[in-house]
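Below is one structure, written out as structure tokens, with a few remarks after it.
First listed ligand is number 1; within each ligand, the first listed atom is number 1. The structure presented is a predicted model; accordingly, all values stated were derived computationally and were not measured.
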Amino acid sequence: MPAVSVSSADRVFVLTGAGVSAESGLPTFRAEDGLWAGFRVEDVCTPDAWRRDPAAVWAFYSARRAQGQSAKPNPAHLALAELEAQIPSRFFLCTQNVDDLHERAGSANLIHMHGELAKSRCEHECGSPPVEDRAVYAGLDDVPRCACGGRLRPHIVFFGEIPFEMPRIEREISLSTLMLVVGTSGNVYPAANFVHWARQAGARTVYIGPERPLNAPAFTEIVEGKAGEVMPGLFRIDN
Ligand code: APR
């Protein structure tokens, strides 16, 4: 497996998707046994679903919280944390994942563009910040309310909502010279556009995963394989 070289002039932008957590035992979304095989997006992951049936939404995310409790970072998460540790001022990690495995692997300079499973926030834009919340709710009656009276909802970006921190993401992509994309199928926007934006900025673009993503033509390099198997030792840092 040819190494991916990271030169002293490189500024690295990393995008990860569900595939990076697959070897930690967390399901991806669009695999045959993926999350969307068992649930309809419109029933559990849209603003309309929340208005119509908050109990179903909380049942879905509570089950994911329970599933995540035993998950541990895998060698792919660790490889990214190690890369960051070697080039901390030239590294930025944007994940679509709502699990906290990157943080638990030691990643620091990261954002969750689709939210975080271990947080909840008021359903009303009342200004109260998201709260740490790992509770697995048995039913809607157990879900706390905000001081404003609103019900807490999962701190997740539902389909049709705007991802978090887009201005910062766009800026980091425009400054990047090397984009690494790990374990995402290229189905969901705006994340699936990032590789095109990076190419426009003149960056090298490397995809890492066992299957070619839908946006494969936009990558200058594809490293085919499971992330936890191919990423340890993949990066050669040229100082
Ligand atoms: N290592 C690397 N990649 C893997 C592995 C692995 N071990 N196993 C699977 N993959 C790849 C698959 O080939 C697939 O391309 O991970 C990808 C997962 O794709 P999806 O299930 O579509 O998940 P993702 O791209 O992260 O979804 C994007 O869609 O449902 C929404 O908000 C949700 O953030 C999510 C977004």
Cut-off 3.5 Å, side chains only: do Asp48 and Thr46 have a donor facing an acceptor?
->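 There is no such pair between these side chains.
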Any salt bridge between Asp99 and Arg64, counting N to O under 4.0 Å?
->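 No, this pair does not count.
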Which residues satisfy the ring-ring contact (aromatic ring centres under 6.0 Å, His included) test with Phe158, sequence neighbours excluded?
-> none
For Ser176, side chain to side chain donor-acceptor pair (under 3.5 Å) partners two or more places apart = none
Return the set of residues passing side chain to side chain donor-acceptor pair (under 3.5 Å) with Thr220 (not counting sequence neighbours), or none when no residue passes.
->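 Counting only residues at least two positions away or on another chain, Thr220 forms no side chain to side chain donor-acceptor pair (under 3.5 Å).
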Close aromatic pair by centroid cut-off 6.0 Å: Phe60 and Trp50 | no
Tell me, which residues have any heavy atom less than 4.0 Å from some atom of ligand 1?
-> Gly17, Ala18, Gly19, Ala22, Glu23, Thr28, Phe29, Arg30, Trp36, Gln96, His114, Phe159, Gly183, Thr184, Ser185, Val188, Tyr207, Gly209, Pro210, Glu211, Lys226, Ala227
